[in-house]
Amino acid sequence: GLGAILPHPKLTNFGRRINVDGLTTTTGHGGTVALIGQTVDKVVEEQGLHDNTVGIIGAAGSIGGSSLAMVLEQYPDAKIVAHDIKPFDHVKGHVGSEFDSRVRVAENMR
């Protein structure tokens, strides 16, 4: 991942400008999403899944949207409450029908 090396991922077009055979370059988002998943697992393990619901703030961004998709997969019975100031159009396309059936978009962070 490039997150710890470069000041902004756009310098390499989010890793796409680095074209080396056998090398996959990312911005580090995948590692961040994996850590978020582990954090959710730890909270659920220690405190349970209150009302079978997980909340995600910033869920319309690239990391938040990927985190949303991961939580939907990791917790197939859970409902998601999501909030972001950005529209969820991109995330809906990425997540598909699971978005409409399991995600409630909150108007504010509370």
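Everything numeric here is computed off the predicted structure, so don't read it as measured data.
Rounding to the nearest 0.5 Å places NZ of Lys92 at 12.5 Å from OG of Ser97.
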Check: residues 54-72 side-chain donor-acceptor pairs under 3.5 Å, at least two apart:
residue, atom, partner, partner atom, Å
Ser62, OG, His29, NE2, 3.3
Ser66, OG, Ser62, O, 3.0
Ser67, OG, Ile63, O, 2.8

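Residues Tyr75 and Val44 have side chains in contact (heavy-atom distance under 4.5 Å, counting atoms from C-beta outward). Inter-residue side-chain proximity for Asp77 and Asn52 is flagged as met; some heavy-atom pair is nearer than 4.5 Å.
For Glu73, the salt bridge (charged side-chain N to carboxylate O under 4.0 Å, His left out) test picks out no residue, with sequence neighbours left out.
Remark: side-chain polar atoms of Arg102 are not paired, donor with acceptor, to backbone N or O of Ile80 under 3.5 angstrom.
Within the structure, the salt bridge (charged side-chain N to carboxylate O under 4.0 Å, His left out) test picks out the following pairs touching residues 31-59 (sequence neighbours left out): Lys42-Glu46.
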Item to check | Check against side chain to side chain contact (heavy atoms under 4.5 Å, CB included), Val95 and Phe88 | outcome: CA-CA 10 Å; Val95 175; Phe88 281 87; over 6 Å; no
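Closest approach of Glu107 and His83 over heavy atoms only: O-CE1, 3.5 Å.
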